[in-house]
Amino acid sequence: MTGTAVAVLCALAAAALVAVGSVAQQSSAAAVPDTDSLVGSLLRSPRWWAGILGDGGSYLLQVVALAFGSVLLVQPLLVASLLFALPLAAATTGRRVTRTTWLLAGALCAALAVFLLVGNPTEGSGDPSAAHWALPLTLVLAVTAAAVVLAVLSPRLRALAFGIAAGILYGVTSAFTKHVTDLAEHGIGQLLGSWQTWTLAAAGAAAIYLQQRAFQAGALTASLPALTVGEPLAAIVLGMTVLGEHLRADGPALVLVGAAVAVMLGTTIALSRAQAADTAATPVPAPPPETPRRR
């Protein structure tokens, strides 16, 4: 089996675990009222911890996948978690996945396939310095901050915006994972003394928190598409601008790759809007009549 095949299989297995973990975490976070402490309530939830365990297994599989393939190859494959998560979420909530949702999810994954097959991403090399990281990382974090501000100001877009912010930060952790894994081979001292290690830890912790806020704010289909697309897009940006990875496409092929990225973004937004419309159309059951009091 070639290294690329190992990377693809591990990435797809990681996507399946992401789906399981996301469904468990979303059902736990959605049950926490806005008036209660989100973090405190989740820490007391066994189901939430099971979801975190699934995310942990997914991350380990991503580490293996990144050992055999580039960030540009591994990260887009995680979008497949959406196809695993939709039926799981429907089974746990009792809500049917609509035809529109399936079509949008299918278009999202088809755009992903075009990106991988036409773009044909290559692996980077080298150990970029902090100065090389500075501008791309600052821009990525600025987009994250803007998404958080949008989430705070707009309750209607809260799940989508928090999902975007969490996905971008997960993409940052992916971009740093390869370097930090290589550092571990040189001893614990060098690992703990590297700024990349602490940036990875901080980005990962912030991503987990924002992910739970997204899950609390709405249904899984309102946040997971944004999260799963935000992660590879952020990783792609950092992989191409910092890690020296690139797409082997030019001319018409490059235009097709750009169109695939546009479809990925458009279907993500459409999925969130479809979920919002579906939620608004769901009738709220009337409260039961009060029992007359005896005099």
**Study point:** Listed partners of Ser58 passing side-chain hydrogen bond (donor to acceptor under 3.5 Å, both in side chains), at least two apart
**Key:** Gln62
Check your understanding: Quick one: hydrophobic cluster around Val263, which other residues, with the 4.5 Å side-chain cut-off, linked directly or via members?
Key -> none
Revision key, fill the gap. Interatomic distance, CG@Leu43 vs CG@Leu38, rounded to 0.5 Å, equals 9.0 Å
Exercise for review: Just jot down the side-chain contact (heavy atoms from CB on, under 4.5 Å) partners of Pro33, sequence neighbours excluded, or say none.
Suggested key: Thr35, Asp36
Review point. Is there a donor-acceptor pair under 3.5 Å between the side chain of Arg158 and the backbone N or O of Ala214?
Key: no
Point to revise | Common cluster, Leu153/Phe162, ILVMFWY with side-chain heavy-atom separation under 4.5 Å | key: no
Practice item. Heavy atoms only: give me the nearest Val32-Leu42 pair and the separation to one decimal. Key: CG2-CD2, 4.3 Å
Practice item. Measure the spacing between CG of Leu141 and OG1 of Thr199 and express it to the nearest 0.5 Å. Key: 9.0 Å
Practice item. Specify the closest pair of heavy atoms between Val23 and Ala85, including all atoms of both residues, with the distance to one decimal. Key: CG2-O, 3.9 Å
Study note, to complete from the structure: To the nearest 0.5 Å, atom CD1 of Ile164 lies from atom CG of Leu160 at 4.0 Å
Check your understanding: With clusters built from Ile, Leu, Val, Met, Phe, Trp and Tyr whose side-chain heavy atoms come within less than 4.5 Å, directly or transitively, what are the remaining members of the cluster of Val18, listed by chain and number?
Key -> none
**Study point:** side-chain contact (heavy atoms from CB on, under 4.5 Å) partners for Leu150, two or more places apart
**Key:** Ser154, Leu157, Ala161
Check your understanding: Tell me, which pairs form a side-chain hydrogen bond (donor to acceptor under 3.5 Å, both in side chains) where one or both residues lie in residues 19-34, sequence neighbours left out?
Key -> Gln25-Asp55, Gln25-Gln212, Ser27-Arg47, Ser28-Ser45
**Study point:** Other cluster members, Leu61 - Ile/Leu/Val/Met/Phe/Trp/Tyr, side-chain contacts below 4.5 Å
**Key:** Leu17
Practice item. Could you tell me whether the side chains of Ser174 and Thr177 share a donor-acceptor contact shorter than 3.5 Å? Key: no
Revision key, fill the gap. Contacts of Thr144 meeting side-chain hydrogen bond (donor to acceptor under 3.5 Å, both in side chains) (sequence neighbours excluded), chain-then-number -> none
Please list every donor-acceptor pair under 3.5 Å in which a side-chain atom of residues 203-211 meets a protein atom from a residue at least two apart or in another chain.
unit_1 : atom_1 : unit_2 : atom_2 : d
Tyr209 : OH     : Arg213 : NH1    : 3.1
Gln211 : OE1    : Tyr170 : OH     : 2.8

Review point. What residue pairs, at least two apart or across chains, pass ring pair (Phe, Tyr, Trp, His ring centres under 6.0 Å) with a residue in residues 28-59?
Key: none
Practice item. Classify the ring geometry between Trp133 and Phe176 as parallel (under 30°), tilted (30 to 60°) or perpendicular (over 60°). Key: parallel
Point to revise | Closest heavy-atom pair and its distance - Thr241, Val237 | key: OG1-O, 2.6 Å
Review point. Residues two or more places apart in sequence or in another chain: which of them pass side-chain contact (heavy atoms from CB on, under 4.5 Å) with Leu192?
Key: Ile188, Trp198
Check your understanding: Where do Ala19 and Phe84 come nearest, in terms of heavy atoms and distance?
Key -> CB-CB, 3.4 Å
Check your understanding: What pairs with Val64 under side-chain contact (heavy atoms from CB on, under 4.5 Å), at least two apart in sequence or on another chain?
Key -> Cys10, Phe68
